Chemist: 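Structure provided below as structure tokens; questions to follow.
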Amino acid sequence: MAEKKQGKQTKPTLRQKLIERLDRNQLPKSTRLRYRVAGGMPSERIDQTFTLSGDGEVRVSTRDALRSAKLERSSGKLSQEETQELFRQMEAGLDELVPREQARFLPDTPLGMVTLEVAGEKQTYFFAVEEERLKPREFALASKLEAVSRRIRDISRQLQRQKGSSDA
């Protein structure tokens with residue numbers, strides 16, 4: 001039995017594949033990070049999504065029942081360095097998040113979801129968003145991921161301001 005285990009090669013996990021790509025500085029467009037906060041009571045629902053592909057393309061969408069029922073969308077492009085750093089920061093904090101099979105939350109709880117897509121595989125992790133953090137109605141993440149959460153929030157604001165000024 002031990003011999004079979006020694007001779008058997010284990011398939012790399014999605015996380016290992018991501019680390020390998022980051023170490024080689026090769027994040028193809030098909031590598032994606034999707035960060036989403038959604039939920040809340042019906043009159044206070046929020047749905048914010050930040051999607052980053054390996055080539056730096058960013059898409060942001062926001063619907064906030066307290067502000068407007070309208071879905072706001074914007075997009076932009078990050079540098080390779082900033083893209084790599086966001087993926088690295090997110091990967092470093094994944095241990096604080098809960099995989100789908102372990103996720104258990106009360107109805108109407110605002111939830112955070114981080115989906116990583118690498119080499120055709122997809123994994124989603126969850127976390128409960130603290131109500132106090134939703135008061136400014138912004139993205140919020142677990143403590144170890146605070147830097148990436150702030151950066152996602154800053155990029156989202158910047159893209160939405162750019163879109164607002166180009167619509168005027």
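Quick caveat: nothing in here was measured; it's all calculated off a predicted structure.
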Chemist: For the CD atom of Gln26 and the CD atom of Gln84, what is their distance to the nearest 0.5 Å?
Modeler: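 So the CD of Gln26 and the CD of Gln84 are separated by 9.5 Å.
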Chemist: Assess, by modelled atom type and distance only, whether the side chains of Gln160 and Thr62 contain a donor and an acceptor separated by less than 3.5 Å.
Modeler: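 There is such a pair (donor and acceptor under 3.5 Å, judged by atom type) between the side chains of Gln160 and Thr62.
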Chemist: Quick check: closest heavy atoms across Gln16 and Lys11, and the distance to 0.1 Å?
Modeler: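 In this case the closest contact between Gln16 and Lys11 is OE1-O, 4.3 Å.
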Chemist: Is there a donor-acceptor pair closer than 3.5 Å between any side-chain N or O of Arg15 and the backbone N or O of Glu91?
Modeler: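 At least one qualifying donor-acceptor pair exists.
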Chemist: Quick one: CG on Leu22 to CZ on Arg24, what's the gap to the nearest 0.5 Å?
Modeler: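 The CZ atom of Arg24 is 10.0 Å from CG of Leu22, to the nearest 0.5 Å.
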Chemist: Answer yes if Ile19 and Leu33 sit in the same cluster of Ile, Leu, Val, Met, Phe, Trp and Tyr residues linked by side chain heavy atoms under 4.5 Å apart, and no otherwise.
Modeler: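 Result: no, two separate clusters.
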Chemist: Quick one: closest heavy-atom pair of Met90 and Tyr35, and the distance?
Modeler: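 Distance-wise, the nearest heavy atoms are CE-CD1, 4.3 Å.
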Chemist: Verify side chain to side chain contact (heavy atoms under 4.5 Å, CB included) between Thr49 and Arg34, making sure each step is shown before the conclusion.
Modeler: CA-CA 7 Å; Thr49 304; Arg34 183 172 186 232; 3.4 Å; yes
Chemist: Looking only at heavy atoms, which two atoms of Leu71 and Ser61 are closest? And how far apart?
Modeler: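 Of all heavy-atom pairs spanning Leu71 and Ser61, the closest is CD1-CB, 4.0 Å.
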Chemist: Mind checking the CZ-CG spacing from Arg21 to Leu27? Nearest 0.5 Å is all I need.
Modeler: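 If I round to the nearest 0.5 Å, the distance is 8.5 Å.
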Chemist: Starting at OG1 of Thr31, measure out to CD of Glu121 and round the result to the nearest 0.5 Å.
Modeler: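 Going from the OG1 atom of Thr31 to the CD atom of Glu121 covers 11.5 Å.
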Chemist: Would you sort out whether Glu82 and Arg151 count as a salt bridge (Lys or Arg N to Asp or Glu O under 4.0 Å), showing the intermediate values?
Modeler: CA-CA 10 Å; Glu82 190 163 23; Arg151 190 62 194 130; 2.3 Å; yes
